[in-house]
Amino acid sequence: MLDIQQLRSDLDSVVSQLKKRGFEFNPAAFTTLEQERKIAQTNTEALQAKRNAASKSIGIAKAKGEDVSAIMVEVAGLGEQLKAGEAQLTEIQEQLKNLMLNVPNLPHDSVPQGKDEAANVEVRKVGTPRSFDFAVKDHTDVGAPLGLDFETGIKLSGARFTFMRGGIAKLHRALAQFMLDTQTEQHGYTECYTPYLVNAETLLGTGQLPKFEADLFGMMHSEAKMYLIPTSEVTLTNTVRDKIVPLEALPIKLTAHTPCFRSEAGSYGKDTKGMIRQHQFDKVEMVQIVHPDKSYEALEDMVCHAENILQALELPYRMVSLCTGDMGFGAAKTYDLEVWLPAQNTYREISSVSNCEAFQARRLQARFRSAQGKTEFVHTLNGSGLAVGRTLVAVLENYQNVDGSVTIPKVLQPYMGGLAALKLS
RNA sequence: GGAGAGCUGGCCGAGUGGUCGAAGGCACUUCCCUGCUAAGGAAGCAUACGGGCUUAAAUCUGUAUCGAGGGUUCGAAUCCCUCGCUCUCCGCCA
């Protein structure tokens with residue numbers, strides 16, 4: 001959520017910044033609503049003040065044993081007026097809130113401008129793609145004989161679900177373990193275990209609701225709707241909801257390995273084959289809650305924390321700065337890491353690291369107490385470190401051998417009981 | 001799933017219709033006293049959203065908030081209804 005004060009005082013600038021990311025904000029509608037709000041609020045509060053004063057004097061008079069009928073007459077019609085005024089004010093505030101909840105974050109000045117991913121800017125490229133002296137297979141063909149079973153996934157659940165068995169399943173687990181260990185032991189994150197099912201309020205805080213309900217899996221549970229988390233950014237970031245954290249508690253660095261569930265509405269036809277785009281996938285997530293002065297520093301750190309995983313796995317990748325039109329709803333700035341997939345002969349997203357500045361914090365009412373004793377919104381950042389399923393894809397493709405086996409990256413071997421390769425049985 | 005108890009400010013905890021945004025305590029901040037890693041005294045100390053003034057801040061002022069929502073009333077932390085959550089016991093399970 002944007003700062004409504006900023007909209008009041010600097011509307012034109014906000015509108016033009018939003019335009020950069022392709023969002024049309026109607027300033028006239030906002031201004032009208034704001035004027036109505038101001039009138040309604042001033043009137044209502046004046047009536048309330050009148051009522052409160054009268055009630056107080058009734059109390060005083062009664063305590064003294066005086067007659068209160070004169071004051072009672074004066075207050076007689078107030079109730080109805082007040083009720084109408086309050087209802088109107090609530091209605092307007094509801095509208096304003098709805099409007100605000102559906103406006104995306106402002107892009108940071110350093111974000112390249114553009115309307116889609118074509119305008120993203122490569123920041124750096126690390127590692128050299130391996131050259132193959134045989135025809136490379138994609139991960140589905142490499143994985144199938146080793147236990148990557150799409151048919152069973154489809155039978156059990158439908159398209160975009162995968163079943164794994166044997167060495168592949170273990171490799172998948174090894175990847176997650178390795179990532180989690182690296183984030184906790186090397187980068188100072190606190191390991192967390194979080195719910196996978198959350199309520200609507202939680203998703204409102206991080207920005208998935210109300211606008212993106214179609215991308216979520218939801219179900220009814222005793223009258224209330226609950227949702228499967230699309231990422232543990234949701235649960236980790238919401239740990240500070242409605243909190244005023246002490247200054248010295250910052251930065252808070254959290255990580256978790258969880259499944260993620262996305263209905264990916266609107267992505268039909270994209271990546272239909274294989275496990276690039278799944279309804280359920282695992283991810284090790286990093287979240288940082290930081291002082292506003294430190295958030296851009298933290299963003300760079302977090303990208304490195306994700307890159308370190310790719311480097312340890314010796315997977316070639318590149319880092320891109322997303323342009324204004326390609327960034328997510330809550331992000332002020334986002335870096336994506338894209339891993340090299342030889343079968344696709346291209347780089348594909350494997351991590352996304354975003355600074356949301358105070359956008360989520362405002363929705364979450366997540367604050368800290370500054371050195372001056374004032375409460376201020378924290379800045380929140382999140383990033384994948386990394387998407388486990390896609391990392392498995394990258395390992396299968398980049399480490400495949402001509403005989404159909406897959407070499408296990410060195411850092412994963414301890415997690416695989418010392419196994420050096422997955423071989424056909 | 002059944003029965004009971006509870007939900008008040010950063011924390012603990014009073015408060016069953018009227019000068020209650022809320023006693024008291026702890027913690028915290030400032031000051032005084034004291035000369036030693038302590039004690040005593042004074043004051044301050046919730047959050048959000050408006051409005052006035054202002055370059056801005058401070059300040060002033062209004063409103064709302066005692067789990068949430070609704071109701072009764074001139075007036076609700078206090079009474080009524082609905083819901084949520086927490087705890088204890090029982091049942092069931094991993």
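So you know, we letter chains A, B, ... as the sequences are listed, proteins then strands, and number each from 1.
Using P as the reference atom, U8(B) and U78(B) are 14 Å apart when rounded to the nearest Å. The gap from the P atom of G15(B) to that of G24(B) amounts to 15 Å, rounded to the nearest Å. G9(B) and U61(B): their P atoms are spaced 26 Å apart (whole Å). A gap of 8 Å separates the C1' atoms of G10(B) and A27(B), to the nearest Å. For A77(B) and A64(B), the P atoms lie 10 Å apart once the distance is rounded to whole Å. Spacing of P atoms, U29(B) relative to C45(B), comes out at 16 Å, to the nearest Å. Taking atom P in both U19(B) and C83(B), the straight-line distance is 32 Å, to the nearest Å. Nucleotides A42(B) and C33(B) have their P atoms positioned 15 Å apart, rounded to a whole Å.
Pair check for C85(B) finds G6(B); Watson-Crick or G-U wobble, both atom distances under 3.5 Å. Using N1 to N3 plus N6-O4 or O6-N4 for Watson-Crick, or N1-O2 and O6-N3 for G-U wobble, each under 3.5 Å, U34(B) pairs with nothing. The partner of C66(B), taking Watson-Crick or G-U wobble pairs whose two distances both stay under 3.5 Å, does not exist in any strand shown. Nucleotide A57(B) is matched to nothing when pairs are restricted to Watson-Crick or G-U wobble geometry with both distances under 3.5 angstrom. Searching all strands for a Watson-Crick or G-U wobble partner of A39(B) with both distances below 3.5 Å returns nothing.
Look at Glu80(A) and Lys83(A) and you find no salt bridge, because none of the NZ, NE, NH1 or NH2 atoms lies under 4.0 Å from a carboxylate O.
Atom CD1 in Ile60(A) sits about 19 Å away from atom P in C74(B), given to the nearest Å. Going from atom CD1 of Ile58(A) over to atom P of G75(B) covers 8 Å, rounded to whole Å. For the pair Leu82(A) CG and U72(B) P, the interatomic distance rounds to 14 Å; values are reported in whole Å.
Not a single donor-acceptor pair, N or O on each side, falls under 3.5 Å between the base of G18(B) and the side chain of Lys56(A).
Of the possible polar contacts, none joining the His187(A) side chain to the Tyr189(A) backbone as a donor-acceptor pair under 3.5 Å is found.
Put simply, Asn52(A) has a side-chain N or O that comes within less than 4.0 Å of OP1 or OP2 on U63(B).
Within a heavy-atom distance below 4.0 Å of RNA chain B, no residue of residues 86-96 of chain A is found.
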- Task: For the pair His291(A) and Leu247(A), evaluate side chain to side chain contact (heavy atoms under 4.5 Å, CB included) and give the outcome as yes or no after the intermediate values.
- Result: CA-CA 8 Å; His291(A) 190 284; Leu247(A) 181 62; 3.8 Å; yes
- Task: Might you work through the side chain to side chain donor-acceptor pair (under 3.5 Å) test for Ser354(A) and Asn382(A), ending with a clear yes or no?
- Result: CA-CA 6 Å; Ser354(A) 299; Asn382(A) 63 80; 4.7 Å; no
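Ring orientation note: the planes of His279(A) and Phe217(A) are nearly perpendicular, at an angle over 60° on the 30°/60° scale.
No contact: Glu201(A) has no heavy atom under 4.0 Å from any strand.
Not counting sequence neighbours, the partners of His108(A) by the ring pair (Phe, Tyr, Trp, His ring centres under 6.0 Å) test are Tyr296(A).
Residues Phe377(A) and Lys50(A) each lie close to RNA chain B; by heavy-atom proximity, the contact nearer the 5' end of the strand is made by Phe377(A).
Here the CG atom belonging to Leu412(A) is positioned 8.0 Å from the CE atom belonging to Met179(A), to the nearest 0.5 angstrom.
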